[in-house]
Peer 1: 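Sharing a structure here in structure tokens format.
Quick caveat: nothing in here was measured; it's all calculated off a predicted structure. In what follows, chains are A, B, ... by sequence order, proteins preceding strands, each numbered from 1. What's counted below: heavy atoms across the whole structure, side chains too, no hydrogens, waters or symmetry copies.
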Amino acid sequence: MGEFGLRRGRADLKSAGPITFGPAGILFLADNVAAKVFAVDVADPDPAGGSEPFDLADVDARVGSFLGCEPGDIVLKDMAVHPLTHNVYLSVQRGHGEAAQPVLVRIGRLDGAVTDVPLDDVPFAEVRIGDAPAEGDERLDITLPLGDEGEELRVGERKIRILRQPIRTSTVTDMAYAGGELLVAGLSNEEFSSRLRRIPFPFSDEVAGSSLEIFHVSHGKWETAAPIRAFVPYDGGASILASYTCTPVVHFGLADLTDGGKAVGRTVAELGAVNQPLDMVSFVQGDQEYLLVANTAHGLVKIACRDIDAQSPLTEPKEPVGVPRETKDLQGIRRLANLNGGHVLVLQCDDAGHQHLRSLKTASL
Amino acid sequence: MRVRPGTAAAPGGRDGWPPMAGRLVRDGGCLCFVPRFAFLDGTAYTVTVDGATAAVLIRDRPDGPATTEVTAICPTAAEVPGNLLRLYVWFSAPMSEGYAARHIRLAGDGGEVIAGALLPGEHELWDASRRRLTLLLDPARIKRGLAGHREAGYPLRSGEPFRLVVDPGFPDARGHPLRAGAERRYQVGGEERRHVDPGRWTLTAPPAGTSEPVQVTFGRPLDHGLLARCLQVTGPGGQPVGGTARIGPEERSWQLVPGQVWTPGPHQLIADPILEDLAGNSVSRVFDRDLASPEDQPRQIGPVALAFHPR
């Protein structure tokens with residue numbers, strides 16, 4: 001067993017989901033079908049990156065071409081930048097339905113070359129993240145598998161293979177590594193709740209992590225919980241800014257969160273009607289830390305961390321709601337990541353549906 | 001030799017795109033391309049040699065009968081509250097992910113789509129076998145005080161019926177369409193903002209020595225998914241009573257037929273406090289709590305027990 005508890009072997013991903021880098025170039029990959037998070041040493045071969053930008057047009061088509069399929073047959077699920085080499089990692093679903101296959105793709109920062117990162121013989125660790133079945137929840141959906149999954153049953157003279165799978169599932173919506181823990185936000189397919197799971201890393205067999213519920217108050221009148229869609233640690237990991245499916249942007253301190261407890265975050269902004277948060281990133285401009293929020297309805301939203309700290313909880317409906325923020329006229333941005341100190345890398349979808357990697361200069365944001 | 005997906009080898013826009021990953025293997029007088037990722041059905045591949053197109057090979061999508069169908073749409077209640085939160089669609093076979101937004105919609109009686117009613121998102125909520133899909137109505141429009149609710153209002157309007165429509169083109173896991181589309185029509189009632197209150201349920205105790213069911217009625221429809229796992233019956237020693245549980249019509253009741261005859265003595269129906277109604281109100285808390293209302297105070301944290309005695 002190597003550093004961080006990784007063992008060499010096959011990281012058997014069943015599906016592509018959110019990804020984020022942790023310590024020492026270890027990439028966390030969420031697998032919502034297997035209900036696991038994998039930690040993989042991607043052994044990036046390239047030298048340390050500099051401060052130059054990186055742009056790549058038609059990244060979806062290029063990845064599709066490499067994987068042997070049309071752009072419509074791939075889904076770019078998430079993006080992360082290697083903290084040392086600045087190469088770009090994409091979590092990709094290739095194909096649909098029975099043909100769906102997860103692939104981890106690396107895009108070289110120096111030449112834009114597309115390669116895949118094989119996961120069949122890598123240093124890795126894994127942890128289960130599905131909600132433990134509730135006591136008494138014995139519901140399993142039983143189907144006849146097409147392959148060799150499941151278990152064999154003998155019925156008279158015949159053998160049949162059946163697959164028992166849980167009906168209640170939890171879908172990882174976002175992950176971040178902070179302070180020796182992997183923070184995982186998820187969305188249940190049954191109860192409506194706001195849970196953030198804290199999983200110590202290296203993973204432990206004994207400790208599957210703790211979870212807690214974070215409420216928020218809108219306008220001093222209504223307290224509510226909702227699933228977290230995207231979040232970002234800032235202030236060295238001491239603070240979290242979380243964006244909910246119902247669009248409030250809520251601050252809470254990591255130290256306030258205790259196992260199994262209830263925390264009430266401080267609503268500092270709302271993203272507005274018929275809108276969904278997509279991703280968040282922090283960056284430094286001058287000597288100040290800022291956050292960017294990508295969302296479905298408006299351009300990129302920029303918020304100064306010092307304004308979050310100074311914002312009192314929202315108590316009255318007023319426009320604009322919450323902290324001062326700027327909305328950048330940058331549409332179609334689905335994913336954000338720090339490329340280097342000088343640039344934020346974005347995955348941007350144009351009006352024709354083509355996706356591109358673009359670098360935004362932090363000094364100009 | 002290079003292989004690329006698509007029917008044009010190198011039109012202007014594709015210059016610089018990488019060829020399909022794979023390796024070349026010499027087999028006697030033949031040169032074989034072994035792809036790193038399997039060829040996909042329904043895709044054309046262009047083979048070039050020294051930049052010139054040598055062949056365009058089309059891998060057909062296998063035809064087959066459409067056999068998958070929608071087996072249930074929940075809630076099954078004829079009327080749902082105006083602040084309805086969640087719906088479930090059950091399919092007879094595993095489905096493909098990524099198509100729900102294109103193939104499922106809420107529509108008015110005239111067929112017009114109720115725009116922005118369902119929560120959009122990249123994350124479709126399937127069970128592990130990809131046969132049950134959970135749909136959420138946009139919570140920002142249901143929760144009071146939020147911009148979504150103030151600016152756009154409830155997705156549903158009291159007194160205006162709507163339908164959940166599943167298109168026949170929704171592809172199953174094999175890529176085949178459904179045998180037929182499906183829909184369920186609902187009347188829309190008023191808001192539901194109360195806790196789920198087991199103290200108001202009606203429990204019918206079975207006679208001892210029989211296998212008649214214990215039955216509980218709720219007074220309003222509860223969430224189908226949660227109902228299937230949040231209720232349990234225990235016997236005199238606190239041990240779970242096994243048997244066959246059934247959810248009643250319109251999710252207004254639940255019953256358990258025991259595996260063995262009822263013994264006399266104290267039994268309990270145990271309700272998990274996360275059990276929700278159709279509007280996301282649970283035993284422990286209401287969907288959005290009015291901080292000024294004592295009625296909205298969070299309630300039971302632990303399981304709620306209702307005692308009964310088979311006699």
Peer 1: Are any non-hydrogen side-chain atoms of E191(A) and L226(B) less than 4.5 angstrom apart?
Peer 2: yes
Peer 1: Looking only at heavy atoms, what is the nearest atom pair of R36(B) and P118(A), with distance?
Peer 2: NH2-CG, 3.3 Å
Peer 1: With sequence neighbours excluded, what pairs up with R102(B) under the side chain to side chain contact (heavy atoms under 4.5 Å, CB included) test?
Peer 2: Y99(B)
Peer 1: Relative to chain B, which segment of P277(A) carries a heavy atom at a distance below 4.5 Å: side chain, backbone, both, or neither?
Peer 2: neither
Peer 1: Taking only Lys NZ, Arg NE, NH1 and NH2, and the carboxylate oxygens of Asp or Glu, determine whether R130(B) and E98(A) approach each other closer than 4.0 Å.
Peer 2: no
Peer 1: Taking atom CZ of R334(A) as the centre, report whether more than 12 heavy atoms of other residues, nucleotides or ligands fall under 6.0 Å from it.
Peer 2: yes
Peer 1: Please identify each residue that fulfils salt bridge (charged side-chain N to carboxylate O under 4.0 Å, His left out) with E192(B), with sequence neighbours left out.
Peer 2: R194(B), R220(B)
Peer 1: Tell me, side chain or backbone of L135(B) under 4.5 Å from chain A's heavy atoms, or both, or neither?
Peer 2: neither
Peer 1: At a 4.5 Å cut-off on heavy atoms, which part of L136(B) comes close to chain A: side chain, backbone, both, or neither?
Peer 2: side chain
Peer 1: Return the option, out of V103(A), L67(A), V114(A), with the maximum number of heavy-atom pairs under 4.5 Å with chain B.
Peer 2: L67(A)
Peer 1: Select one option (side chain, backbone, both, neither) describing which atoms of D223(B) are under 4.5 Å from chain A's heavy atoms.
Peer 2: neither
Peer 1: Between OG1 of T169(A) and CZ of R132(B), what distance do you get to the nearest 0.5 Å?
Peer 2: 7.5 Å
Peer 1: Taking everything shown except R59(B) itself, do over 12 heavy atoms lie less than 6.0 Å from its CZ?
Peer 2: yes
Peer 1: If I measure from the heavy atoms of chain A, does P19(B) come under 4.5 Å with its side chain, its backbone, both, or neither?
Peer 2: backbone
Peer 1: List the atom of E97(B), the atom of H96(A), and the distance in Å for their closest heavy-atom pair.
Peer 2: O-ND1, 3.8 Å
Peer 1: Looking at E295(B), I want to see if its CD is surrounded by more than 12 non-hydrogen atoms of other residues, nucleotides or ligands under 6.0 Å.
Peer 2: no
Peer 1: Find the distance between CZ (R86(B)) and OG (S188(A)) and round it off to the nearest 0.5 Å.
Peer 2: 7.0 Å
Peer 1: Tell me the closest heavy-atom pair linking F192(A) and R285(B), and the distance in Å.
Peer 2: O-NH2, 3.0 Å
Peer 1: With a 4.5 angstrom heavy-atom cut-off, which part of S65(A) approaches chain B: side chain, backbone, both or neither?
Peer 2: both
Peer 1: Closest heavy-atom contact between G97(A) and S96(B)?
Peer 2: CA-OG, 3.2 Å
Peer 1: Determine the option with the most heavy-atom pairs under 4.5 angstrom with chain A, choosing from G116(B), G175(B), A38(B), A44(B).
Peer 2: A38(B)
Peer 1: Do the side chains of L40(B) and E70(A) get nearer than 4.5 Å, heavy atoms only?
Peer 2: no
Peer 1: What pair of heavy atoms forms the shortest contact from G68(A) to Y45(B), and how long is it?
Peer 2: O-OH, 2.7 Å
Peer 1: Which of the residues A21(B), A128(B), G280(B) is involved in the greatest number of heavy-atom pairs with chain A at under 4.5 angstrom?
Peer 2: A128(B)
Peer 1: What closest approach, in Å, do N189(A) and L125(B) show between heavy atoms, and which atom pair accounts for it?
Peer 2: CB-CB, 3.9 Å
